[in-house]
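Worksheet: one structure, shown below.
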Amino acid sequence: MSLPANGCSHGLMGQSPLIAAIRRSIEKASRNRLPVLLLGESGTGKEVVARAIYESNPRGQFVPIDCGSLVGTLMESELFGHTKGSFSGATENKKGLVELADGGTAFFDEIGDLPLELQVKLLRLIQEREFRPVGALSWRKVDLRIIAATHRDLKAEVARGRFRQDLYYRLNVMTIRLPALRDRKEDIPLLIGHFIDQGRAQGLPEFCCGDDVMRALMSYDWPGNVRELKHCIDRMAALRSEGTLNMWDLPSALQQPHQSPVPHDLSDVLEQHAFHEFVLPPKSPVISLPDSEKQAICNALAQTGGERGKAAILLQIGRTTLYRKMKQYGIA
Ligand SMILES: Nc1ncnc2c1ncn2[C@@H]1O[C@H](COP(=O)(O)OP(=O)(O)OP(=O)(O)O)[C@@H](O)[C@H]1O
Ligand SMILES: [Mg+2]
């Protein structure tokens, strides 16, 4: 698999040595049908890699299975299907997700959340390549590739008795560890460009980042990894009109005092309008919708020097709505 000039293959962006190693692993994995275990923090791209492995050598369907949602009485039937009359409500024979993936790839996402009673059935599926629908008397053969992913420490889950050791060994044949974004910060500019392009394709305004903004984006640790970076870029594109991005367009979590300071002139405007509370770094990088609305209003007012009419135009809302929201949020 050769890497195109934009550093992207199968949706996996990045030119860092760590991502180059992931690409080599994807290539190796695509040459066989052994189970693959994808480990890594949330938002590091485990699903992107699972799809890349499948797409590098596509056979049959790619069937994502969200193990966390397999709960309750119907979970076994969802996974393995059922026969007509096997329980009340089973009015027809129904195929499960495993049968859908026959000939293709089943992606067991968040495998660490798979209930213990299904873990033993998955083990049989991997070892014997067979399963039994709920209510069926015989086992059915199936040929599928299994890719599993989790953000949990599976070894620790085994030690706690929450994950079967035999299943862990069966899955842990080819393991790919996705690096955290903070360990490959050199990929951040490429990812930003990619997400801006994606936003533009969806009709969002195109923008670019000034030096201080890029510095702030590079020095932040991104605990939510690539997903958090993507949300940050999407949110800035949605709240901002075209042009070069300034520090005050950033979510407040990124406006850390040890990073590039907020420009003096903005601080003055904020002081004047008592908006400073919105640029103090909050404890969590997650910003609620009301908070981001507040911040958008403050940004608009800061840009228009407090002129509400112009701010309403920038925000693409009516003046009355702006006044109501300013009152609601206590903006003077
Ligand atoms: N290398 C990458 N290039 C481009 N986009 C990426 C990359 N890594 C992740 N993304 C994007 O980031 C988001 C999160 O990726 P993904 O869903 O694969 O993460 P994950 O590891 O499965 O997270 P979780 O553990 O929370 O399920 C998606 O929108 C995905 O498209
Ligand atoms: Mg995922």
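Electrostatic pairing of D187 and R184 counts as a salt bridge here, judged by a charged N lying under 4.0 Å from a carboxylate O. With respect to R160 and E157, a salt bridge is recorded, a charged nitrogen being found less than 4.0 Å from a carboxylate O. Remark: R140 does not engage E130 in a salt bridge, criterion side-chain N to carboxylate O under 4.0 Å. With respect to R200 and E206, a salt bridge is recorded, a charged nitrogen being found less than 4.0 Å from a carboxylate O. A salt bridge links R51 and E47; the closest N-O separation between the charged side-chain nitrogens and carboxylate oxygens is under 4.0 Å. Comment: R170 does not engage D166 in a salt bridge, judged by the lack of any side-chain N to carboxylate O separation of less than 4.0 angstrom. By the 4.0 Å N-to-carboxylate-O rule, R129 lies too far from D102 to be salt-bridged with it.
Minimum interatomic distance between A148 and L171 (heavy atoms only, all atoms of both residues): CB-CD2, 4.2 Å. Summarising the geometry of R145 relative to L34, their closest heavy-atom pair is NE-O, 2.8 Å, with the distance given to 0.1 Å. Nearest heavy atom pair, residue P251 against residue M236, reads CD-SD, 4.1 Å. Across R308 and L322, no two heavy atoms sit closer than the pair O-CD2, 3.2 Å. Here the closest non-hydrogen pair linking Q119 and L114 is NE2-O, 2.8 Å. Residue D113 comes nearest to G68 through the heavy atom pair CB-CA, 3.8 Å, listed as atom of the first residue, atom of the second, then distance.
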Can you check side-chain contact (heavy atoms from CB on, under 4.5 Å) on L181 and I188, steps first, answer last? CA-CA 8 Å; L181 186 54; I188 290 177; 4.1 Å; yes

Could you go through C209 and T244, starting from their C-alpha distance and side-chain angles, then the distance that decides it, and tell me whether this counts as side-chain contact (heavy atoms from CB on, under 4.5 Å)? CA-CA 6 Å; C209 301; T244 306; over 6 Å; no

Walk me through it: do K84 and T91 pass the test side-chain contact (heavy atoms from CB on, under 4.5 Å)? CA-CA 5 Å; K84 184 176 170 181; T91 50; 5.8 Å; no

Go through the steps to decide whether E99 and F80 satisfy the test side-chain contact (heavy atoms from CB on, under 4.5 Å), and finish with yes or no. CA-CA 7 Å; E99 208 168 340; F80 299 111; over 6 Å; no

Using the rule given for side-chain hydrogen bond (donor to acceptor under 3.5 Å, both in side chains), can you reason through R319 versus Y323, listing the C-alpha separation, both sets of side-chain angles and the distance that settles it, and then say yes or no? CA-CA 6 Å; R319 268 171 185 258; Y323 294 158; 3.2 Å; yes

Salt bridge (Lys or Arg N to Asp or Glu O under 4.0 Å) between D234 and K230, worked out: CA-CA 6 Å; D234 287 352; K230 178 172 164 46; 3.3 Å; yes

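Although no hydrogens or angles enter the test, the distance criterion places no donor-acceptor pair under 3.5 Å between the side chain of H151 and the main chain of T44. Not one N or O on the side chain of N57 forms a donor-acceptor pair closer than 3.5 Å with the backbone of R31. Panel note: side chain K46, backbone E41; a donor-acceptor pair is recorded below 3.5 Å. Although no hydrogens or angles enter the test, the distance criterion places a donor-acceptor pair under 3.5 Å between the side chain of R23 and the main chain of L12. Side-chain atoms of K185 come within 3.5 Å of backbone atoms of M218 as a donor-acceptor pair (strictly under, hydrogens ignored). Panel note: side chain R162, backbone L116; no donor-acceptor pair is recorded below 3.5 Å. Distance alone, capped at 3.5 Å, places no donor-acceptor pair between the S86 side chain and the H82 backbone. Judged by distance alone, the side chain of D153 and the main-chain N or O of K155 form a donor-acceptor pair under 3.5 Å. No donor-acceptor pair under 3.5 Å is formed between the side chain of N225 and the backbone N or O of R227. For T321 (side chain) and I317 (main-chain N/O), no donor-acceptor pair under 3.5 Å exists by modelled atom type.
Judged purely by distance below 3.5 Å, without hydrogens or angles, the side chains of T83 and N93 never pair a donor atom with an acceptor atom.
Surrounding OH of Y169 are at most 12 heavy atoms belonging to other residues, nucleotides or ligands under 6.0 Å away. Within a 6.0 Å sphere centred on NZ of K28, other residues, nucleotides and ligands contribute 12 heavy atoms or fewer. The 12-atom threshold is not exceeded at CZ of R177, counting heavy atoms of other residues, nucleotides or ligands nearer than 6.0 Å. For K141, the NZ atom is densely surrounded, since the number of other residues' heavy atoms within 6.0 Å is greater than 12.
Relative to the six-membered ring of W222, R182 misses at least one condition, a distance below 6.0 Å or an angle of at most 45° to the axis.
Side-chain contact between P115 and M75 is present, with heavy atoms from C-beta onward closer than 4.5 Å. In this structure, the side chains of V120 and R164 come closer than 4.5 Å at one or more pairs of heavy atoms. Considering only heavy atoms from C-beta on, M214 comes within 4.5 Å of P189 through its side chain. Annotation: side chain of C298 is in contact with side chain of I331 (closest heavy-atom distance under 4.5 Å). Side-chain contact between V36 and I146 is absent, with no heavy atoms from C-beta onward closer than 4.5 Å. With contacts defined as side-chain heavy-atom distances shorter than 4.5 Å, the pair S25/V49 does not qualify. Looking at heavy atoms from C-beta onward, L79 lies out of side-chain contact with K121 at the 4.5 angstrom threshold. Using a 4.5 Å heavy-atom threshold, the side chains of V98 and L122 count as separate.
Taken to the nearest 0.5 Å, the CD1 atom of I19 stands 8.0 Å off from the CG atom of L191.
Residues I147 and L100 are members of separate hydrophobic clusters, defined by side-chain heavy-atom contacts under 4.5 angstrom among Ile, Leu, Val, Met, Phe, Trp and Tyr. Cluster annotation: F108 and V158 are assigned to the same hydrophobic cluster (Ile/Leu/Val/Met/Phe/Trp/Tyr, side-chain heavy-atom contacts under 4.5 Å, transitive). V48 and L37 are assigned to two separate hydrophobic clusters, defined by single-linkage of ILVMFWY side chains at heavy-atom distances under 4.5 Å. Cluster membership check: I111 does not share its hydrophobic cluster with L38, using side-chain heavy-atom separations under 4.5 Å among Ile, Leu, Val, Met, Phe, Trp and Tyr. Following chains of ILVMFWY side-chain contacts shorter than 4.5 Å, one can reach L144 starting from L123, so the two form part of one hydrophobic cluster.
The stretch residues 46-70 participates, sequence neighbours left out, in these ring pair (Phe, Tyr, Trp, His ring centres under 6.0 Å) pairs: Y54-F62, F62-F107.
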